[in-house]
Structures are given as structure tokens and as C-alpha cells.
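One structure below.
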2 protein chains.
Amino acid sequence: MTYTKSTSGKRARKEREFSQPYTTVDVVIFTVIDNALQVLLVQRRAGAGEPFPGRWALPGGFVDVAVDATLEDCARRKLFEKTGVKSPYLEQLGSWGSATRDPRAWSATHVWFALIPAQDVTLAKGANAAEVAWFAVDSVIQKDGLAFDHDTILQAAVERLRSKVEYTSLPAFLLTEPFTLPQLQRMYEVVLGRPVDKSGFRTRMLAASFLKEAGYVAGESNRPAVGYRLADRQTPAVFPRTFSPRSGQ
Amino acid sequence: MTYTKSTSGKRARKEREFSQPYTTVDVVIFTVIDNALQVLLVQRRAGAGEPFPGRWALPGGFVDVAVDATLEDCARRKLFEKTGVKSPYLEQLGSWGSATRDPRAWSATHVWFALIPAQDVTLAKGANAAEVAWFAVDSVIQKDGLAFDHDTILQAAVERLRSKVEYTSLPAFLLTEPFTLPQLQRMYEVVLGRPVDKSGFRTRMLAASFLKEAGYVAGESNRPAVGYRLADRQTPAVFPRTFSPRSGQ
DNA sequence: GAAATAGTGTCTTTGAGACAGTATAAG
DNA sequence: CTTATACTGTCTCAAAGACACTATTTC
């Protein structure tokens, strides 16, 4: 990182002071409601000079240099402001930046994605947050009408989520503790969009040893099931991959 | 993305115009030389007001709003300026931003990582690029003396690379075409830092069908071997994961 | 011929997928 | 007892790991 333009020095510095791109943070917040993967969207205001008025967008906005110590702090703040959730599963997704994605200026956004249990949320309506709501991911992706490049970003987030769910315990972060294995299995099935074999699922989950037993839970069904808590609520378990030496387990 | 501060409107807008964080791009460029994974570093200049003078750093710098259409374009430009390579394998790694990582201001950097064959490179010395050189990754990580938070970034890049190598064809991008399977195997072994079984390796590579035969190549050994080219030089092949239905293959 | 590396065959083990079967609750 | 769901057992098959073996070149 030279932090120096290849063009002339003094002019470059002056430009830098006054024409930095916008720096924003957006958060793709997922949950599961009614057996469907949902994403949180915010409706944009219709003021003068506001881009994409009335359109739905991912929650996010400018980094507040005075408030946010890091980009991740900024993402956490935005998530908390909209949902009231304090310790979500949060993972960086990537960044998108170009001259055209924001009609006002060259802008770059840093994007996180989060998984939260629906029960933990209290949507922050009114006040500054014009309108906030959950939307079924599949229908949003089809419609393709979000503000900025948020359709692209949402698409990337869903792909990342679906692919990681194949080999990690991510869906566990969509549940409140304690939860049962059948409940967890349903989260996998909802996210993946296909049924999962019960037997294989159970052996796999228990083999990964990221679950701690927590008594019996009278679920919503006839027979109660064993309840579980996560050993670590920050990091997901990763199921064995290929190409690893057998001794490495 | 509301793009509006929660604080007062007019003042917020004015602040936004004049106190955006720095937006930079850095590139972690990997290659293999002498059977070791190497990373390209640039020595920082010792001018007045220059942070970390004389220290080694990842190549990168400010986004040039007038030149770069997108962040990725910016990354490609920086990579080309230092190496002369036009079409590397390039993948976004993530972004790092905080109030403290740059002593001059709140700054956020977008990081890519690249894989290139050592033979393709012509290091751009002199002129503006003070000093550019390859370093063995392992020793750089041990020393822990890079500028900014580049030690952290390099660490993350190496972890990402090593983990993806377990289930993708990434190491193929470290070779010039045509290459042989034994050469490719050596790339895997260098990156992973452990030996790989020949037989399993071959069946796996050929099963993934991302290679096209390209005649015989008199390698550096006694017996010539079959040469291969990549079917797609942009995207790596992904070897089968777990949790997929058998019919899905 | 010897040496060196390219490439193949085979045995074992693991674990996923499929599916049938058993256990325990509510009504 | 029936029904519904939690949980377990078993068979098959694919693929990885380990390792011995054959093939083709240079010297």
C-alpha cells in the first residue's frame, strides 16, 4: 500500500482530502419465519436528493467516523438499530464499489450478513426508520427491484449462505436456545430448499460435537425431544472436508 | 441503506462531503518460487507525512475515482502496475477498516488476493515503485513487521488460500500452461505444506474435468508427461462437498 | 542395463444416502 | 389403541487413503 497516486504529489493529496468515495456499510439480515428464509429490508425515504425514493433496500448507511471504531462495529450498530439484537452471528460478505452504483457519487459499500432467530427481533418502526419489514428471500430475488445494487448483493449473500450451510452448522444461529435436532433439521431444510435425511443428519451433527445437551424440551410435537445449546455462539462448526489426511481428525 | 445519519440532516450532509474515510485497495499477490509460497511486497517511501516509512507493505493504494470504474478494476490496475500481469486469478478477500489502522485518518481498505505464475512476472522496479520483491510467506508471517494491519491481512489471505486449496483447483493458477499433473501436485504440496498421495490426486483431478489434454510435455524429469490446459482460466473447479444428494452429481 | 519419474491397480476404511424399524409421548 | 413424532439400526455404494505395482523415458 503506497497510498500515493502515480500522478503528481501535491495535487493528488489535495484531491484526496476532498474527493474520497462514499464509504458505507450494509447488512443482509436473515431469519426464518413460516418455514421460509426471510431478509430484512428498509424502505427508502422520498426526500429531495434522496436516491431510489420509496424503494426497498438493505439496511445500512454511512460509516460514522465519530461513532464507529471499526467497520464491523458499524455493521453491528446498524443491525442493532433495526432489530434490537445485540449478539447476532455476523460474517463479512464482501464489498461492492463503483462509479455508478450510487447516482450521487463514487461509492463503496462493505457488506456483512447476519443470522438471527426471529423471536429475538423487535422491529424498529417509525422515527427515522421509515419502514422496516421481513420479506421472503425467494420472491425478492425474483422481483429484482431493490435500490442500488442490492439485488446483486442479496443474491451473493444467499449463495454464500446456501453453500456454507452444506458444510457448517450455520443454521443453528437461526434458532433460540435450547433447540432440538428436529428443529435444527428444519432450518437446514428451509435454507437449502430440499429435504434432508434424518438419520444421517443426526449422526453428523452429533459427530461434530458443537452441541451441548440441555435437558428435554416439550417441542411443538407429540413426543418431547432432547434440547441442545451451542458450545460456541460466535463460530460455526465446520464439517470435515475432502483432501484432509485421515490422521488429521 | 438509508445513507442518512441519525443525527441532524444538514450538518450530516456537510460532514459527509468533507470527512469521508480513506478508501484504498490492497492486493495480496501469491506465487511459488523455489518450492515455497511467496508474496509480493512493496517498500514504503520515507517522505514527510508518509506513514510507516521504509517498512514493507502489500501493494495497493487509493482508489482513483477518475480512473477506476470499480473496486476490482482498481485491484487489477495495481496488480498490473507492479507485475505486468494482465489476467491473473483474482478473488476478493474482504475489507478492513478502522479509526486506527492508518495514523492519518479513518481508513478502509478493500483487499483482493491473486495467484500468478512466477514466470509471467516482470517486477516493476525504480520510478515510483521504490522497491518491490518476493518474500517467502512463512518467514513474513513469523516476523510480523509489515506496515498498517497488513500482517493481519496477509494471515487471512494465507488461511483462505490454504483452506480453499483443500477443495478447489486453485493451485492450477500458479502454473503456466501447459502443465503436467506432477507439476500441479507439487503446487498443492507447496501451498498445503504436506505431501499428497499421487494416485488419489490424479483420479480426483481428472474426475473434476477442468483440464484439457494438450500433448506431451518434456518436463524437467526423465519421463515426459501429459500436458494439460485449463478449460476455464477465470473460475476454479470445486471438488464435491458433503451433504449433497447423490443424484446431484 | 540402472535410475528416475509418470502413471495404474488394489485393498481397506470411512462415511454418506436410503430406508426400515423401534421408542415414547399425546389424544 | 391410534397417531405422530423422536430416535436407532442396517444395507449399499462411492470415494478417499495407503501402498504396491507397471510403464516409459534419460543416461
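Order of the sequence lines sets the chain letters (A, B, ...), proteins ahead of strands, with each chain counted from 1.
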Rounded to whole Å, please give me the gap between [atom1] in [X] and [atom2] in [N].
X: B:F239; N: D:dG17; atom1: CZ; atom2: C1'; result: 16 Å
X: A:E166; N: C:dA16; atom1: CD; atom2: P; result: 13 Å
X: A:D197; N: D:dC7; atom1: CG; atom2: P; result: 15 Å
X: B:K198; N: C:dT8; atom1: NZ; atom2: C1'; result: 9 Å
X: A:L206; N: D:dA6; atom1: CG; atom2: C1'; result: 13 Å
X: B:E213; N: C:dG7; atom1: CD; atom2: P; result: 9 Å
X: A:L181; N: C:dT24; atom1: CG; atom2: P; result: 17 Å
X: A:F201; N: D:dT5; atom1: CZ; atom2: P; result: 17 Å

Polar contact flag, side-chain donor to acceptor under 3.5 angstrom, A:S95-B:H110: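 Their side chains do contain a donor-acceptor pair, which is all the 3.5 Å distance test asks for.
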Could you work out which one of [options] sits closest to the side chain of [X]?
X: B:S199; options: D:dT8, D:dA6, D:dA18; result: D:dA18
X: A:P182; options: D:dA6, C:dG7, C:dT10; result: D:dA6
X: B:R204; options: D:dA16, C:dA4, C:dA25; result: D:dA16
X: A:A225; options: C:dC19, D:dC7, C:dT8; result: D:dC7
X: A:R186; options: D:dA6, D:dT25, C:dA6; result: D:dA6

A:Q234, CD atom: more than 12 neighbouring heavy atoms under 6.0 Å: no
A:F179/A:Y228 aromatic ring centres below 6.0 Å: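 No, the ring centres sit 6.0 Å or more apart.
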Side-chain N,O (B:R202) to OP1/OP2 (C:dG7) below 4.0 Å: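 It does, given that an N or O in the side chain of B:R202 lies less than 4.0 Å from OP1 or OP2 of C:dG7.
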Side-chain-base donor-acceptor pair under 3.5 Å for A:R223 and C:dA25: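 Between C:dA25 and A:R223, which were checked side chain against base, a qualifying N/O pair under 3.5 Å is absent.
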Test: B:R160 and B:E166 ion pair at under 4.0 Å: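 Answer for the salt bridge query: no.
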N-O pairing of A:R186 and A:D34 below 4.0 Å: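 No, A:R186 and A:D34 are not salt-bridged.
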Sugar-phosphate only, base, or nothing, as touched by A:T203 at under 4.0 Å among non-hydrogen atoms: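 Nothing: the residue A:T203, judged by heavy atoms under 4.0 Å, touches no strand.
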